[in-house]
Every structure is written in structure tokens, then in C-alpha cells.
> 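Take a look at this one; I'll ask things after.
Every chain is numbered from 1 and lettered A, B, ... according to where its sequence line falls, protein lines coming before strand lines.
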Amino acid sequence: MAKRIRIKDILINPKIGEETLVKGWVRTKRGNKNVAFIAINDGSTIKNLQAVADLEKVDEGLLKLVTTGACVSVSGQLVASEGKGQTVELIVSKLDVLGEANPEEYPLQPKKHSLEFLREIAHLRPRTNTFGAIFRVRHSMIFAVHKFFHDKGFYNLHSPIITGSDAEGAGEMFRVTTLDPSQPPKTDDGQVDFSKDFFGLETNLTVSGQLEGELGALALSDVYTFGPTFRAENSNTTRHLAEFWMIEPEMAFYELEDNMDLAEEFLKFLVQYALNNCMDDLEFLNQRVIEEEKVMKQEERSELSLIERLQFIIDNDFERVDYTEAIDVLKNSNPNKKKKFKYLIDAWGADLQSEHERFLVEKHFKKPVILYNYPKSIKAFYMRQNEDNKTVRAMDILFPGIGEIVGGSQREERYDVLKARIKEMDIPEESMWWYLETRKFGTAPHSGFGLGFERLMSFVTGMKNIRDVIPFPRTPGNAAF
RNA sequence: UCCUCCUUAGCUCAGUUGGUUAGAGCGGUUGACUGUUAAUCAAUAGGUCCUUGGUUCGAGCCCAAGAGGAGGAGCCA
């Protein structure tokens with residue numbers, strides 16, 4: 001018995017004339033009373049392999065079971081195709097149906113489905129061209145992340161998923177407990193007694209691996225984490241998930257400028273990697289976006305195609321803009337003067353809203369923007385204060401269509417300043433003792449950033465809803481699959 | 001959490017001013033067809049009009065509440 005060959009490998013190196021065994025899922029079957037054409041996809045590539053069955057040689061009853069969605073095993077001779085549309089095809093000599101798919105029940109049809117419908121059948125949507133392409137690209141991006149950092153001499157650090165620290169301040173957390181929710185042990189003053197819980201303290205799913213990353217950087221110099229992150233925010237948008245993957249590099253002896261350089265280089269590397277390694281899938285996704293935008297009004301369509309947008313990222317330097325400069329641009333902008341912004345910019349110190357970030361990226365600079373040196377009042381406690389005493393060395397990278405894709409900063413390495421800031425912001429100091437000790441013992445300037453992996457995926461695949469770039473999205477009210 | 005919109009056949013959607021028997025395309029089924037490319041052609045089956053309550057002689061259509069979905073805002077990555 002011949003060994004099963006993946007369709008991707010057959011197409012890379014077709015061995016014309018050889019007996020070939022293929023296994024996969026039927027996309028369509030066409031034909032007439034003499035011959036049937038079966039398009040088989042095994043997920044190894046977006047391309048199908050066409051199997052050709054002579055109706056005189058293949059059992060008719062068996063062929064009836066070959067329907068869209070069925071799993072088949074087909075062996076036969078690989079030949080140059082007589083028809084147009086494919087270079088090679090398989091002449092069926094042996095056909096087995098490994099798994100039937102009743103066509104009256106199987107929900108995927110050889111036609112366009114809405115993304116909303118496919119989300120409702122998340123267990124089957126990987127079998128579509130679109131999601132097959134997305135998940136193959138996703139794998140390549142995961143691999144590229146590790147390759148980039150490994151090649152640069154960074155070490156991957158696994159930060160904990162269950163955490164007892166509650167001071168990261170990055171959002172609402174999911175509690176982790178083994179206590180009986182209906183009858184938890186209570187302390188004398190009526191509070192839940194977490195000292196009786198599994199870990200002996202209140203624990204949650206992590207909202208960020210950054211603080212642990214800093215501990216790593218202050219020992220191994222250059223580290224990165226790449227793991228799941230959980231936010232219990234009731235966010236219902238196209239760019240938020242309750243469970244998402246985040247990449248957080250942390251580098252000793254990096255100042256803010258070095259941090260920006262690394263982030264820009266990293267993003268360009270990832271996009272270039274996709275273009276170099278996922279072109280079949282990107283071409284399909286490119287076409288998908290064009291089709292999707294055909295029904296939109298002219299002004300809502302993208303000026304560039306998906307692949308052009310990816311190339312644009314690589315070819316252009318990101319615009320680096322000081323917060324103070326950005327406020328000036330916004331203050332004097334048309335939408336601000338004509339009061340088109342929902343939130344008007346009137347003074348230094350204002351937090352930038354989505355509409356402002358959009359304006360800067362999509363209308364004013366027309367390229368990715370790195371905003372830095374934000375007012376300290378609107379940023380986290382761990383960011384390093386500038387000498388002006390007003391701003392901190394924070395930086396956000398804003399992408400067209402996505403918004404904030406990277407958030408980072410140079411960290412406050414000065415013990416006294418950090419301690420004062422923790423006090424100022426009412427963060428319980430006792431839970432941060434281990435973090436403060438890194439500043440007490442051999443502190444060093446260091447920096448890092450976080451990249452939302454699914455936001456990167458949205459950008460690379462052109463998918464507008466973040467729920468469509470992760471296999472099983474977790475959003476408020478949705479964890480069925 | 002707030003605002004706006006949507007929910008009719010397996011899917012995508014139409015359904016006029018509230019009026020009698022609910023419409024299309026795709027998909028399914030059956031048949032035709034000498035190599036098809038989301039094949040084509042013909043016939044055919046398929047409905048809790050999201051749920052509950054109300055208004056009305058009469059509700060897919062109007063009103064209220066609820067459920068689910070989408071987009072935007074906030075939170076952020």
C-alpha cells in the first residue's frame with residue numbers, strides 16, 4: 001500500500017505517472033454520466049486536487065456518498081490534466097469513503113457563506129478556503145515570531161497564566177478558584193477567605209506577562225513572552241477578545257528609542273515573512289477583500305489592496321510623533337476646527353480617542369505612526385518619567401484600520417521614583433514587593449512592548465473582525481466551541 | 001456597559017398602506033448531458049416569519065418586554 005501524500009507536496013513535486021494515495025475532504029463533485037470530477041482538499045494548501053472517476057470503473061453507490069464535506073481516500077495514477085484549471089489530476093483506481101457527510105444536513109455548501117454564519121459553526125469553519133488560509137497564515141506568523149527573536153539572541157520566557165498579582169492594572173480579570181462558589185469560606189468580617197483557596201491567596205488569569213518579563217530581562221538581558229492573555233472586560237468590538245495571544249519582549253539596557261527601533265523592525269519582519277511564505281493564501285485573502293469591498297461605497301474602500309498594504313508597511317518608515325506634536329496636529333486639524341470629532345481636542349493632556357488615532361494614521365500621516373512621550377497622568381505606573389516631570393517614555397504603534405497594535409515603554413528603573421509613583425496611584429505596595437526588589441538589587445534601564453497577536457493577524461489577513469483570525473474566539477457570552 | 005441597526009426556507013435576502021394561499025437566488029433531491037472548474041439545463045421538496053405578550057375584524061408588517069447577531073463608543077493589545 002502506498003503512503004498517503006499531502007496535496008501540497010504533490011503540487012510542489014508532481015510525480016506524473018506514479019501511483020498516488022490522497023486523503024482529504026470533498027469540496028465539490030461535478031460530472032456527467034461518464035465521468036465524475038471530485039475536488040479534494042486536505043488543508044495542507046489552499047489548492048484542491050482533482051480526482052477523476054470513470055463511472056464504468058467506480059462503483060456508483062460508492063460515488064453517491066462522495067458529497068461536499070465527505071472524507072475520502074483516493075488512490076490512482078497522477079497524470080497531467082486534460083482540462084484547464086489545474087496542471088495535474090488523479091485518475092481514480094480505488095475510492096474509499098472514510099466519513100460520509102449527509103448533504104441534506106451538512107451546513108457548508110459550495111457557495112459563499114457569511115462570516116457571522118461561519119462563526120456559529122466554528123467547529124466546521126476551518127474547512128472553508130478562507131479559514132484554512134487564515135489558520136495557515138496564523139501558524140506561519142507564530143513561527144516567525146519565534147524565529148525573529150531567536151535569531152536576535154532573545155530567550156523565550158514562559159510567564160505564568162495563573163497569577164496572584166493584581167496590580168498590573170491592564171483590565172478586569174477572570175478569577176481562578178477551587179472554592180465552592182455557593183458556599184465559600186468566610187473571614188470574621190464576612191469577606192471570602194482566600195487563604196483557604198488552592199493557592200492560599202486570590203488568583204486570576206494573567207492580563208499581561210510584562211512584569212514577569214521584566215524579571216527575566218534583568219537577568220537574561222533580552223527575553224520575550226508569547227502566551228495567552230485574558231481580559232474580563234465586557235468589550236464588544238471588532239478588535240477585542242476575552243482570550244488573546246500577546247507577544248511581550250523585554251530588553252535590558254534598551255532606551256525608548258531602541259524599543260521603537262525593535263518594534264518597527266519586528267513588525268516589518270513579520271509582514272515580510274508572510275509575503276515570503278504564505279503567498280498562495282495571501283492571494284486568496286487579497287481576492288476575498290476585493291470581493292468584500294465591491295459592495296461598499298467608493299469612499300469606504302481601501303485605496304490599496306491587501307498585498308499592497310503589506311508591501312507598504314515594509315517600504316515605509318513609521319512616522320515617529322511626540323505626543324505634544326500630535327496634539328498640535330489634532331488641534332489644528334479640520335475635523336477639530338469644524339467640530340466633527342466627538343471628543344474635541346482643546347488642551348495638552350487629553351487622552352487620544354480612536355477617532356484621533358484614526359485621523360493621524362489614515363488622514364494626516366497616511367502611514368503607521370509611533371506616538372511617544374505621553375502625559376504621565378494617562379499612562380501606567382511602571383513607565384519611566386521624563387525630566388520634564390510631565391511625560392513618560394511610553395510609545396504606541398498605530399496601524400491603519402487596526403488602531404493600536406503595539407503598546408510599550410521604557411520602564412521606570414529608579415527605585416525611589418517607582419515607589420513614589422506606586423503610592424501616588426494607590427497601588428497596594430505590599431503585593432509589588434518582588435517587582436520593587438528588582439530596582440533595589442542591580443537595577444538597570446530597560447524597555448519592552450506588547451504586540452497583540454490577533455491584531456497583527458487582522459492586519460496581515462485583511463479580516464475586519466478579530467473573531468475571524470483565532471480558531472475559537474472568546475468574547476462576552478461566547479465560549480461554546 | 002452605552003448608542004444604532006438587524007432577526008422571514010439549509011444559506012443569502014425580497015416582502016408595497018396592516019388584508020385572503022409566503023417569494024427569489026443559491027444549496028438539497030430526481031432526471032438530462034462525452035472533460036467539468038462555485039459546470040449547465042429541466043422538474044421538485046422545503047416555512048414555529050427569533051420568543052412572549054399586546055393593539056386590531058385581521059399582524060411577517062404596528063406597540064412593549066426578552067433572546068440572539070452586527071456595527072460604533074468606552075476599556076485596551
> Rounded to whole angstrom, note down the C1' distance from B/C62 over to B/G74.
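Taking atom C1' in both B/C62 and B/G74, they lie 35 Å apart.
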
> Look at the side-chain N and O atoms of A/K64 and state whether any lies under 4.0 Å from the OP1 or OP2 oxygen of B/U30.
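A/K64 to B/U30 OP1/OP2: side-chain N or O found under 4.0 Å.
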
> On a plain distance test, is the side chain of A/K33 in donor-acceptor contact with the base of B/C33 below 3.5 Å?
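A donor-acceptor contact between them is absent.
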
> What integer number of Å spans the P atoms of B/G25 and B/U40?
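Those two atoms are separated by 13 Å.
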
> To the side chain of A/Q109, which of B/U34, B/C11, B/A39 is closest?
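The closest nucleotide is B/C11.
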
> Between the base of B/A38 and the side chain of A/R27, is one N or O donor paired with an acceptor at under 3.5 angstrom?
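In this structure, the two groups form no donor-acceptor pair.
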
> Please work out if A/T68 contacts a base, only the sugar-phosphate, or nothing of the nucleic acid, heavy-atom cut-off 4.0 Å.
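It contacts nothing in the nucleic acid.
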
> In whole Å, what separates the C1' atom of B/A45 from that of B/U37?
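Taking atom C1' in both B/A45 and B/U37, they lie 28 Å apart.
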
> A/L456 near the nucleic acid: base, sugar-phosphate alone, or nothing, with a heavy-atom cut-off under 4.0 Å?
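No contact.
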
> Would you call A/F453 stacked on B/A77, i.e. ring centres under 5.5 Å apart with the planes less than 30° off parallel?
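Ring-base stacking flag not set for A/F453 and B/A77.
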
> Any carboxylate oxygen within less than 4.0 angstrom of a Lys/Arg side-chain nitrogen, looking at A/K331 and A/D346?
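Salt bridge: no.
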
> Mind checking the C1' distance from B/G15 to B/A9? Whole angstroms is fine.
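Nearest-Å result for B/G15 against B/A9 at atom C1': 14 Å.
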
> State whether the distance check finds a donor on one side and an acceptor on the other, under 3.5 Å, for side chain A/Q86 versus base B/U37.
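Result: at least one qualifying N/O pair found.
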
> Compare the minimum distances between each of B/A39, B/A70, B/A77 and the side chain of A/R231, then state the nucleotide with the smallest one.
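Among B/A39, B/A70, B/A77, the one nearest the side chain of A/R231 is B/A77.
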
> Looking at B/G35, B/A73, B/A38, which one has an atom nearest to any side-chain atom of A/S354?
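Taking heavy atoms from C-beta onward, the closest nucleotide is B/A73.
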
> B/A70 and B/U52: how far apart are their C1' atoms, nearest whole angstrom?
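Here B/A70 and B/U52 have their C1' atoms 24 Å from each other.
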
> Please determine if a side-chain N or O atom of A/N32 lies less than 4.0 Å away from the OP1 or OP2 oxygen of B/C33.
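For B/C33, neither OP1 nor OP2 has a side-chain N or O of A/N32 closer than 4.0 Å.
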
> Answer yes or no: does a side-chain N or O of A/S235 lie under 4.0 Å from OP1 or OP2 of B/C75?
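False: A/S235 side-chain N/O out of range (4.0 Å or more) of B/C75 OP1/OP2.
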
> Spell out yes or no: do the side chain of A/E116 and the base of B/G68 have one donor N/O and one acceptor N/O closer than 3.5 Å?
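No, no donor-acceptor pair under 3.5 Å.
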
> Between B/A77, B/C75, B/G28, which one does the side chain of A/E233 approach most closely?
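It is B/C75.
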
> What does A/K84 touch in the nucleic acid at a heavy-atom separation under 4.0 angstrom: a base, only the sugar-phosphate, or nothing?
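Base contact.
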
> Within a strict 4.5 Å, meaning less than it, do heavy atoms of the A/P228 and A/F244 side chains meet?
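When only atoms from C-beta onward are counted, A/F244 and A/P228 do not touch, as no gap falls below 4.5 Å.
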
> With distance as the sole test, does A/E362 use its side chain to make a donor-acceptor pair with the main-chain N or O of A/G401 at under 3.5 Å?
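Yes.
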
> In terms of heavy-atom contacts, does CD of A/E60 have more than 12 from other residues, nucleotides or ligands at under 6.0 Å?
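Count not over threshold, so no.
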
> Between the base of B/C76 and the side chain of A/H240, is there any donor-acceptor pair under 3.5 Å?
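Donor-acceptor pair under 3.5 Å: yes.
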
> Taking B/G46 as the reference, what is the distance to B/C3 when you measure between their P atoms (whole Å, please)?
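After rounding to an integer number of Å, I get 44 Å for this pair.
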
> Regarding A/P110, tell me which of base, sugar-phosphate or nothing describes its non-hydrogen contacts under 4.0 Å with the strands shown.
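Contact class for A/P110: base.
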
> Distance check: side-chain N/O of A/R119 vs OP1/OP2 of B/G68, anything under 4.0 Å?
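Checking B/G68 against A/R119, no side-chain N or O comes under 4.0 Å of OP1 or OP2.
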
> Flag the pair A/K64 and A/E100 as a salt bridge only when some basic side-chain nitrogen lies within less than 4.0 angstrom of an acidic carboxylate oxygen.
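No, this pair does not count.
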
> With C1' as the reference atom in both, quote the distance from B/U1 to B/U8 in angstrom, rounded to an integer.
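So the two C1' atoms sit 31 Å from each other.
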
> With a 4.0 Å limit, can you tell me whether A/R30 has a side-chain N or O closer than that to the phosphate oxygens OP1/OP2 of B/U36?
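The answer is no; no side-chain N or O of A/R30 sits under 4.0 Å from OP1 or OP2.
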
> Name the nucleic acid region contacted by A/G31, choosing base, sugar-phosphate or nothing; use a 4.0 angstrom heavy-atom cut-off, strictly under.
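Answer is base: heavy atoms of A/G31 come under 4.0 Å of a base.
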
> Which one is paired to B/G23, where only Watson-Crick or G-U wobble pairs with both distances under 3.5 angstrom count?
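Result: B/C13.
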
> What's A/E89 touching, base or sugar-phosphate or nothing? Going by heavy atoms closer than 4.0 Å.
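Here A/E89 touches the bases of the nucleic acid.
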
> So what does A/Q50 hit on the nucleic acid, given a heavy-atom distance under 4.0 Å: a base, only sugar-phosphate, or nothing?
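Here A/Q50 touches the bases of the nucleic acid.
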
> Are any of A/N465's side-chain N or O atoms less than 4.0 Å away from OP1 or OP2 of B/G71?
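Affirmative; the distance criterion is met.
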
> Which part of the nucleic acid does A/Y343 contact within heavy-atom distance under 4.0 Å: base, sugar-phosphate only, or nothing?
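A/Y343: backbone/sugar contact only, no base atoms under 4.0 Å.
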
> Parallel under 30°, tilted from 30 to 60°, perpendicular over 60°: which one fits the rings of A/F381 and A/Y435?
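Plane angle over 60°, so perpendicular.
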
> When rounded to the nearest Å, what value does the distance between C1' atoms of B/A42 and B/C33 take?
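Result for the C1' pair: 11 Å, nearest Å.
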
> Measure from the side-chain heavy atoms of A/I466 and tell me the nearest of B/A73, B/U1, B/A77.
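Selected nucleotide (nearest to the side chain): B/A77.
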
> Any side-chain N or O of A/R467 under 4.0 Å from OP1/OP2 of B/A70?
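Yes, A/R467 has a side-chain N/O under 4.0 Å of OP1/OP2 on B/A70.
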
> Describe the nucleic acid contact of A/F37 in one word from base, sugar-phosphate, nothing, applying a heavy-atom distance below 4.0 Å.
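Base, at least one base heavy atom under 4.0 Å.
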
> Picking from B/G74, B/G25, B/U29, which would you name as closest to the side chain of A/T237?
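Nearest to the side-chain atoms of A/T237, counting from C-beta on, is B/G74.
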
> Any base atoms under 4.0 Å from A/N236, or only sugar-phosphate, or nothing? Heavy atoms, all strands.
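Here A/N236 touches the bases of the nucleic acid.
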
> Students often get this wrong, so: under 4.0 angstrom with heavy atoms, is A/S81 touching a base, only sugar-phosphate, or nothing?
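Base, at least one base atom sits under 4.0 Å.
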
> Does this structure show an ion pair linking A/R125 with A/D468, if we count only N-O contacts that are shorter than 4.0 Å?
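Salt bridge: yes.
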
> Assess whether atom NZ of A/K8 is packed by more than 12 heavy atoms of other residues, nucleotides or ligands within 6.0 Å.
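No, the 6.0 Å shell around NZ holds no more than 12 heavy atoms from other groups.
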
